[in-house]
Every structure is written in structure tokens, then in C-alpha cells.
Amino acid sequence: MQRNRIGAYLFSFPSFFLTMALGIYPVFWALRYMFYDYQGYGTPKFIGLENFARVMRDAEFWQSVANTFVYAGGKLIITLPLSLILAVILNRKLRGRHAFRAIFFLPTIFSASVMSIVFYIVFNSYNGIINQYLLKLNIVSGPVDWLGAAHAMLTIVIIAVWGAVGNYMLLFIAGLQSIPEDVYEAASLDGVNPAQRLWYITIPMLGPVLQMIVMLAITTSLKGYESIMVLTEGGPFGKTEVMYLYLYKLFFPLTTSGTSVQNIGYGSAVGFTTAVIVGLVTWLYFWMSKKLNNVY
Amino acid sequence: MTIRKMLIRMPVWIMLIVTAALMLFPIVIAMLGSFKTNLELTTGATVFPSKWQFQNYIDAWNKADFSGFTFNSLYVAVFVTVGTLLVSAMAAYAVDRVAFRGKKLFILLQSFTLFISIGAVVLKPQFNLMVSIGLHKSLWGVIIILISAHATAFFMIIGFFRGIPKDLDEAALIDGCNFYSTFWRIILPLLRPALAVVALFTFRNAWNEYILPLVFSLSRPDLQTLPVGLANLRYGAGAAVENQLMLAGACISILPLLVVYIFANRSFMQVTMGSVKG
């Protein structure tokens, strides 16, 4: 038994070491530097809460927070109902349901950045594929500026929905499979229609699973920035700048847009603030869904 | 089936087919477009290429250096997969089979890394650590950091351990195996189907990773992986942006996953569904 214990330490050590060095340490590193003035060179200077005062005043950052909520909200309002409906349909013994599931899930296996390049060619305002088809079919008179200031956010949301629906559909299917069949049988004897069945049986019965899936969806959509970075870099005029992209630019300024400069101390403070915002939203969601549960 | 029943089902089928078409649209566009000329791609408004340009793939492979990107992607993905499986399977074995001090703390640390996210902030200290051990100009910096993010794989494998009865370990012990040989000879072979699923998941994530190889290749363009090299084409190093090469490159990146997915999509989906069932 004694020897097993040594073995257990040996076997868990690589995992422990890597997690500490590259997972935990960076968090504490950031917790330290958020109190410093540090641009990446020279000696870091302790400035107390000055960085946080600057976060509060940083209009560009709060604009990116607002954009994040528009982006996440838009993505969730389309993704969640659509994926739930698809899940309900494909959870039944429908012919070809496995093929449909596989097709809907397909987008989730590809790299967000690679697909953003494809979407760039599809949505490109000047000579994109969608515009070519729309013009040829005489649906529009001039090219639609999909990635311009007016539509860029909408385009970003469409792409995000495309990449996410299959994932949440599958999570919902997994949840639906835990609902016993006889509940539905009883309901069908009572003459319940499909819409009522969804609203009065399926959604309440999903309960905690639904709560978990929605929470996962909220946090994931607040954190997403990879495809936006490839597609628009937050532009035009900061219209699609989300908070995690703003944060990235503080550490690794993008050479192509070149507006921001590296600022490690301030970046750490912004990182902390974004994490708090995500935490607050999660907490608020939990609080609200608990209230709703009490109503039932 | 009665006519009435068919009429009720019509909207459902229309919805399924329309959604499926929208899901497949960009992928089909990418594949067909990768065989068009740049001119046809940007002005043609055609569906199928008027003349199939297989040359695009040769140009992407040689001229745009997709051979190098593919090699780097493969290199990273293979070592990350092997490393992640080994590190998490060993840790899972220790945690599931032995009672040792600090076990609870260990599990807490793993879940902590899953839930706390401060975004790009962590990249800087991670990169600095790699500088201090001289791996910042190597793909191994990327590989080690990606292996360190193995909490998901760890929890997945722990889940599978429950399916292997502990009596088996004891039987192996009586037959002369010790803690280590039980792992290599008994547990790992039994875990093989589970490890295959985790490997698929890990390989896909490493193959698709964008931000980390981007940061590591900022000063070393020869370290670019497929997603990084491809995204850089968007701002064309030279004069004109060559859309047809971008689509050929995108297809080079997505085709391996697509082929695996066609044969093993149940395994891909199993990972996602497992996360809800717990």
C-alpha cells in the first residue's frame, strides 16, 4: 500500500506540475501585475489601484463590453431555441435522424479561425460570394456591406450561430434522453399538442440540465473572440470589438490594425475585470433561474 | 401514412432540410470554390467551377507553403494528443485507484483551471516561462502549454475508469503485477476505446488551435500552423489577396477532420453528450 502511494504521487506529478506552472501560476502572475505600471520592458512600477481607475474611465473598453452583450445576446436568442427545437425533432424516431444530427454537428469540429476565412470569402462586401448570388438573382440592387459598420455585428452573430447550433442541439438531445417516455404517453392521452408538450412538459422536465446548458452557452459566448479576430479584428470602427478581443490586443497588439500598444499591467487589470463581469453574469443567471424555479 | 399526417410533418421536414442546407453551405462553397480561378471566385457567381483548377492545391501546397503549415499542425496535434493522453491517464489512474494525501486538492486544482478564464492574460506568463527554458522559438512551447490544459481529458478519463472494476487490479496484484505494470498491462489496454474517443477530441482541438501558435509564430513565421498561416493570407503578404489559395488552404485544413468525422461522427458526438450525462 505504501508503495502504491509513492506510485500515485509519481503518476499524478506530471499533471500536477503542468497545471501549477501553466494553469495556476499565470493567474497569480496577473493578480500581481494588475497593480503595476508595466509595458513589457523596464522595471514594473507599483501604482496601486490606478489601473482599475483607468478601466473605469476607459470608454473603449466599456464599448467592447456593450458589444459583447449584443454579440452574446444575439447568438443565444437564435441558438438556444433553434437547437432545442432541432433536438426535440431529432430525439424522435425519425427516418434519417442520425444523418441530420451528424450534419448539424459538423460545423463544431472545424477550426473557428479557418471557417472565418471561408466566411470572409462568402460575406466579403466587395466581391463576396453571397453578394454575387444576390446581385445575379436581382434580389439587391447594389452589394450589401456585410462586414461594414451597419451589418458586421449581424454577420458575426450569424457565423457564431452556425458554429454553435449543433453543439447545443446535441447537449439538449442528451438531456432529453433522460425524460421518461411515459410522461409523453400520458400527455398524448390527454390530447396535448406539440407546442404545449414542449412548453409544459419538455422544458420543465429538462430542469437542471437546461439550466446547465444555458449557463454553458452564456459563458462560452461571452468569452468567444477568435473568429471575430480573424474576420474583422474588431472593426470597422470598433463595431465588433468584444471584451476578450480588446484584452488580447493589450497583450499582443495586432500589426494589421495597429491602434493599440502592449500594456501588461493595464491588461491584467482589464483581464480581472472581464473575469468579474463573466462571473457576475453567471451569478445573476443562477439567481434569476432560481427565482423562476420558485414560481413553478 | 395518411395525407393528413404527411401535411403535419411537412414543416418539420422543410425546417430540417433548410437548416441542413445552411449548415453545409459554407463547407460546400469552400470545396467548390477551391477549384475555381480567383477571377471566377470573386466575380463569377457560379456554383460549380467552369473549369476545375487542380493547380490551386499545388500552388497552395508549394507557393503558399501549406506543406510547412500542414507539417507543423500535424507535429503539434500528434504530440499534444500523445502527451495529453499519457499525462491525464496516469493522473486519473492514481486518483481513481489510490487514496493519497492531497487528492482532493488535486481535483480542485483541475476543476479550477476549467472554470477560471482570464483570456489572453495567461498567454504572457506562459510565453515568458517558455522563454526562460528556451522553448519560445519552438513548437514544443506550444505543445507543452496545450498539454498543460488537460483538465477536460482528465475528467473524461476518470469517468471511464468507473467502468473498470477494481477487482481486476487486485487480481493482477495477486498474479504478480505491481502498481506500474497493472497500469501498463491491464488498465491501458482496457481503456483503449475510451482513450480513442479522448484522442479524437484532443487531436481536433490541437489541430484547430489558433491563438497559441499565433503568439509563438509572431517572430518565427516558419512555425505557423494551418489556422495561423491561413488567417495571415487574409491580409496578403504580396499585392492581391488570392482567394482561391485561401479556400484550397481551408480545405487542406478541414478535409482530414471531415474524413475522420464521416467514419467516426458517433464518437465525436459521444464526447459532447457525455458532458451532460456526467
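Quick caveat, the model's predicted, so the values are computed rather than measured.
- Checking side-chain atoms of R234(B) against main-chain N and O of I117(A) turns up no donor-acceptor pair under 3.5 Å.
- Chain B forms the most heavy-atom pairs under 4.5 Å with one residue out of L137(A), L245(A), N127(A), and that residue is N127(A).
- Contact annotation for W162(A): both backbone and side-chain heavy atoms come within less than 4.5 Å of a heavy atom of chain B.
- Within the 4.5 Å cutoff, no side-chain heavy atoms of N4(A) are placed close to those of R97(B).
- Chosen from T113(B), L247(B), L226(B), L218(B), the residue pairing most often with chain A at heavy-atom distances under 4.5 Å is L247(B).
- Using a 4.5 Å cut-off between heavy atoms, F154(B) makes no contact with chain A at all.
- F16(A) touches chain B through backbone and side chain together, each having a heavy atom under 4.5 Å away.
- Contact annotation for V122(A): only side-chain heavy atoms (C-beta onward) come within less than 4.5 Å of a heavy atom of chain B.
- For F106(B), the CZ atom sits in a packed shell: over 12 heavy atoms of surrounding residues, nucleotides or ligands are nearer than 6.0 Å.
- With rounding to the nearest 0.5 Å, the separation of OG1 in T19(A) from NE2 in H150(B) is 4.0 Å.
- Of the atoms belonging to P14(A), heavy atoms from both backbone and side chain fall under 4.5 Å from chain B.
- Heavy-atom distances place both the backbone and the side chain of Y248(A) under 4.5 Å from chain B.
- Taking the ring centroids of Y9(A) and F100(B), they lie under the 6.0 Å cut-off.
- Contact check for I173(A) versus M273(B): side-chain heavy atoms found under the 4.5 Å cut-off.
- Looking at S88(B), there are no atoms closer than 4.5 Å to chain A (heavy atoms on both sides), in backbone or side chain.
- Of the listed residues (V95(B), T19(B), N265(B), I145(B)), the greatest number of heavy-atom pairs within a distance under 4.5 Å of chain A belongs to T19(B).
- Nearest approach of M23(B) to V165(A), heavy atoms of both residues: CE-CB, 3.8 Å.
- In terms of non-hydrogen atom pairs under 4.5 Å with chain B, the most contact-rich of I103(A), T273(A), V118(A), I109(A) is I109(A).
- In this structure, CG in L24(B) is found 9.0 Å from CZ in F104(A), a value given to the nearest 0.5 Å.
- Of all non-hydrogen atoms in L86(A) and M15(B), the two that sit nearest each other are CD2-CE, 4.0 Å.
- Contacts of I264(A) with chain B are made by side-chain atoms alone, with heavy-atom separations under 4.5 Å and no backbone atom involved.
- Only the side chain of Y120(A) comes within less than 4.5 Å of a heavy atom in chain B; its backbone stays farther off.
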Run the numbers on I24(A) and F112(B) for side chain to side chain contact (heavy atoms under 4.5 Å, CB included), then give the verdict.
CA-CA 8 Å; I24(A) 307 291; F112(B) 180 79; 3.3 Å; yes
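- Judged by distance alone, the side chains of S111(A) and E209(B) never bring a donor and an acceptor atom under 3.5 Å apart.
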So F110(A) and L258(B), side chain to side chain contact (heavy atoms under 4.5 Å, CB included) or not? Walk me through it.
CA-CA 8 Å; F110(A) 297 132; L258(B) 188 62; 3.9 Å; yes
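- Q126(B) places none of its side-chain heavy atoms less than 4.5 Å from the side chain of Y25(A).
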Please lay out, stage by stage, how F100(A) and I17(B) fare under the test side chain to side chain contact (heavy atoms under 4.5 Å, CB included).
CA-CA 9 Å; F100(A) 276 115; I17(B) 290 165; 4.2 Å; yes
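- For L129(B), the part sitting under 4.5 Å from any heavy atom of chain A is the side chain, from C-beta outward, and nothing else.
- Contacts of Y33(A) with chain B are absent, with no heavy-atom separation under 4.5 Å from either backbone or side chain.
- Separating the CD1 atom in I129(A) from the CD1 atom in I29(B) is a distance of 4.5 Å, to the nearest 0.5 Å.
- Minimum heavy-atom separation, S148(B) to L22(A): OG-CB, 3.4 Å.
- Between W184(B) and F11(A), the ring-plane angle classifies as perpendicular under the 30° and 60° cut-offs.
- Residue M115(A) touches chain B through its side chain alone, counting heavy-atom pairs closer than 4.5 Å.
- Looking only at heavy-atom pairs under 4.5 Å with chain A, the residue among L22(B), V121(B), V87(B) that has the most is V121(B).
- For a residue to count as touching a neighbouring chain, one of its non-hydrogen atoms must lie under 4.5 Å from one of that chain's; by this rule R266(B) touches chain A with the side chain only.
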Mind running side chain to side chain contact (heavy atoms under 4.5 Å, CB included) on F115(B) and T219(A) for me, showing each step along the way?
CA-CA 10 Å; F115(B) 290 112; T219(A) 49; over 6 Å; no
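- Note on A20(B), A149(B), A151(B): by heavy-atom pairs under 4.5 Å with chain A, the leading option is A20(B).
- Interface check for chain A: of the options N205(B), V47(B), I27(B), the most heavy-atom pairs under 4.5 Å are formed by I27(B).
- Using a 4.5 Å cut-off between heavy atoms, I85(A) touches chain B through its side chain atoms alone.
- Heavy atoms from other residues, nucleotides or ligands lying under 6.0 Å from CZ of F17(A) number 12 at most.
- Within the model, atoms NZ of K124(B) and CZ of F251(A) stand 8.5 Å from one another, a figure rounded to the nearest 0.5 Å.
- For I277(A), no part lies under 4.5 angstrom from a heavy atom of chain B.
- Residue contact with chain A, scored on non-hydrogen atoms closer than 4.5 Å, involves the side chain of S253(B) exclusively.
- Ranked by heavy-atom pairs under 4.5 Å with chain A, the first of Y261(B), F201(B), W207(B) is Y261(B).
- A pairwise comparison of heavy atoms in P125(B) and P26(A) identifies CG-CB, 3.5 Å as the closest pair.
- Contact of L135(A) with chain B is not made at all, since no heavy-atom distance falls under 4.5 Å.
- Proximity to chain B (any heavy atom under 4.5 Å) is restricted, for F119(A), to the side chain, taken from C-beta onward.
- Contact record, P227(B) with V114(A): CA-CG2, 3.9 Å, taken as the closest heavy-atom pair.
- Interface residue F268(B): backbone and side-chain heavy atoms are both found under 4.5 Å from chain A.
- With hydrogens and angles left out, the side-chain atoms of Q132(A) and T43(B) include no donor and acceptor closer than 3.5 Å.
- Only the side chain of S113(A) comes within less than 4.5 Å of a heavy atom of chain B; its backbone N, CA, C and O stay farther away.
- Heavy-atom minimum distance, G7(A) versus Y180(B): CA-OH, 3.3 Å.
- T272(B) OG1 to M169(A) CE: the interatomic distance, rounded to the nearest 0.5 Å, is 9.0 Å.
- One distance of note links CD1 of I107(B) with OG of S12(A); it measures 10.5 Å at 0.5 Å rounding.
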